[in-house]
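Lettering of chains follows the sequences in order, A, B, ..., and the numbering in each one begins at 1.
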Number of protein chains: 2
Amino acid sequence: MALTDDAITRLRTMIQLGELPPGSRLPTEAQLSTQMGISRSGVREAVKVLEAARVLDVRRGDGTYVTSLAPRLLLEGLGVAVELLRDDTLMEVMEVRRMLEPAATGAAALRMSDAELDELGQILEDMRAAKDDAERLIGYDAAFHRTVIAATGNETLTSLLDGLSGQTLRARVWRGLIEGNSAHVTLSEHEAIYLALRSRDPLLAQASALLHVNTSESWLRTVLSAA
Amino acid sequence: MALTDDAITRLRTMIQLGELPPGSRLPTEAQLSTQMGISRSGVREAVKVLEAARVLDVRRGDGTYVTSLAPRLLLEGLGVAVELLRDDTLMEVMEVRRMLEPAATGAAALRMSDAELDELGQILEDMRAAKDDAERLIGYDAAFHRTVIAATGNETLTSLLDGLSGQTLRARVWRGLIEGNSAHVTLSEHEAIYLALRSRDPLLAQASALLHVNTSESWLRTVLSAA
DNA sequence: CCTATAAAGACATCAGATGTTTCCTGAGTT
DNA sequence: AACTCAGGAAACATCTGATGTCTTTATAGG
């Protein structure tokens, strides 16, 4: 299986070298087929792979374009990958989050604007109001962390941590929390993070984020060992 | 464009739900085509996407199988993504490494075996011997860090950091180092990391790793601003 | 100048044929 | 009984051509 993979590599190389800059339009399938000396089927498979990787944007009836190549696009696949990981490797993911999330939260403490802090406070209130609705709680939880991390202004970091906190993973942690009647603990941990950020205290923010990740890790371990 | 994407989602869901466990064999293209009600072309494109994501392993003349779904496979795509990032987002990647690599190195200090330490010492010696050969230096540099991170025993972490330290990125940092006649600085930084690990001193290891990443970040900034 | 329709261009999908590779079976041999 | 190897079946790889559908653009009419 060389032809199609060659085509993938060739397209990727052209993009990497800047011959096909972000936003530019690719030749048509027929032209690519001729240029690369393979059939249109092969071209289509190659393009499909790069489209799935958010490198190309195929617009039916129009043409195929190179995306912006923004981190948020290219790192989108990480989330999908994490969702497919087997249970026995999820603790590894949590260990990475334990390393990354406190540091990111600490950085956010120095960069968060007043408006972002207000937004965060609002999410906290929403959480309190929804404390008996697991579904909404999980949503607010995700929003809370996304808001914090996004405040670092680092899109790559945001996308990575977003991918590492996949929906399924988050849902499992919450299942543990709820079954263990400990949702209130998490709420107070969120409050601690919020207060630290509000004080723009990076060390305190880092510490409270670590405690929070650690709690999640514990409950995930519980859920996984129960299965 | 729904049919093929539906097929991708359906296959991914089946794998996620465990209906197609790691190592299992998929129905043939013809059977999938019938089951999903789309043409073989569509099936092939879907399978190709999942093959590129290292979710499926297609063996010509044999059949298509689900891979082990090991982190090292599923996270392989991260490296490719990083290689495609535009220059103006590379500093974001370095900031993530700044957060992650010190923590990982600190963890390695507690977990590294004597054999691994010896291996690391050997790589250091190789680096000293190759101090005028940029190509080999870069190779040993990569080997050094891979060995350290791998000692954490966390395959997910290893794959992530490996992807974040793409070849191109590393080569650029080294180009800056060499043009700035500062390769020797990096060598001594590696020695500091090695000594900290040898002493199994997590805080010292973390600190020396941070200094090292910081140096890389500075040189990358130099290289990028020159362009 | 605006609008609606027609035409052209491009991707989406399908169907069928042919080439290659791998695996397995069975005949023959030792 | 075990081993070897040729043959065939199964499965993926690739190509070709036709048809459908959508988008964009050009054009004719108001």
Using a cut-off of strictly less than 4.0 Å, decide whether [X] has a side-chain nitrogen or oxygen near OP1 or OP2 of [N].
{"X": "B:T4", "N": "C:dA12", "result": "no"}
{"X": "B:T64", "N": "D:dA11", "result": "no"}
{"X": "B:R25", "N": "D:dA11", "result": "yes"}

Find the distance [X]:[atom1] to [N]:[atom2] and express it as a whole number of Å.
{"X": "A:L32", "N": "D:dC15", "atom1": "CG", "atom2": "P", "value": "14 Å"}
{"X": "A:K48", "N": "D:dA13", "atom1": "NZ", "atom2": "C1'", "value": "19 Å"}
{"X": "A:E45", "N": "D:dC12", "atom1": "CD", "atom2": "C1'", "value": "11 Å"}
{"X": "B:M36", "N": "C:dC14", "atom1": "CE", "atom2": "C1'", "value": "17 Å"}
{"X": "A:D57", "N": "C:dC11", "atom1": "CG", "atom2": "P", "value": "12 Å"}
{"X": "A:L3", "N": "D:dT16", "atom1": "CG", "atom2": "P", "value": "12 Å"}
{"X": "A:R40", "N": "C:dG9", "atom1": "CZ", "atom2": "C1'", "value": "14 Å"}

Open item on the list: Pick the closest DNA chain D nucleotide for A:S33 and for B:L26 by heavy atoms, then say which residue is nearer the 5' end.
Closed with: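 Going by which nucleotide is closer to the 5' end, it is B:L26.
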
Consider the side chain of [X], meaning its heavy atoms from C-beta on, and name the nucleotide among [options] that approaches it most closely.
{"X": "A:S41", "options": "D:dC15, D:dC12, C:dA12", "answer": "D:dC15"}
{"X": "B:R44", "options": "D:dA13, C:dC11, C:dC14", "answer": "D:dA13"}
{"X": "A:V58", "options": "C:dA12, D:dC12, D:dC15", "answer": "C:dA12"}

Open item on the list: Within the 4.0 Å heavy-atom criterion, would you say B:G63 contacts the bases, only the backbone, or no part of the nucleic acid?
Closed with: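 The residue B:G63 makes sugar-phosphate contact but no base contact.
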
Open item on the list: Base, sugar-phosphate or nothing for A:T28? Non-hydrogen atoms, less than 4.0 Å.
Closed with: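 Counting heavy atoms under 4.0 Å across all strands, the contact made by A:T28 is with sugar-phosphate only.
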
Task: Of A:Q31 and B:G37, the one whose closest DNA chain C nucleotide lies more 5' - done: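 Checking each residue's closest nucleotide, the 5'-ward one belongs to A:Q31.
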
In terms of side-chain geometry, is the basic nitrogen of [X] or [Y] positioned less than 4.0 Å from the acidic oxygen of its partner?
{"X": "A:D87", "Y": "A:R172", "value": "yes"}
{"X": "B:R221", "Y": "B:E217", "value": "yes"}
{"X": "A:R60", "Y": "A:D62", "value": "no"}
{"X": "B:D5", "Y": "A:K48", "value": "yes"}
{"X": "A:E29", "Y": "A:R40", "value": "no"}
{"X": "B:E95", "Y": "A:R111", "value": "yes"}
{"X": "A:R128", "Y": "A:D126", "value": "no"}

Between the protein and nucleotides 20-27 of chain D, list the N/O to N/O atom pairs that are separated by less than 3.5 angstrom.
from	atom 1	to	atom 2	distance (Å)
D:dT21	O4'	A:R60	NH2	2.9

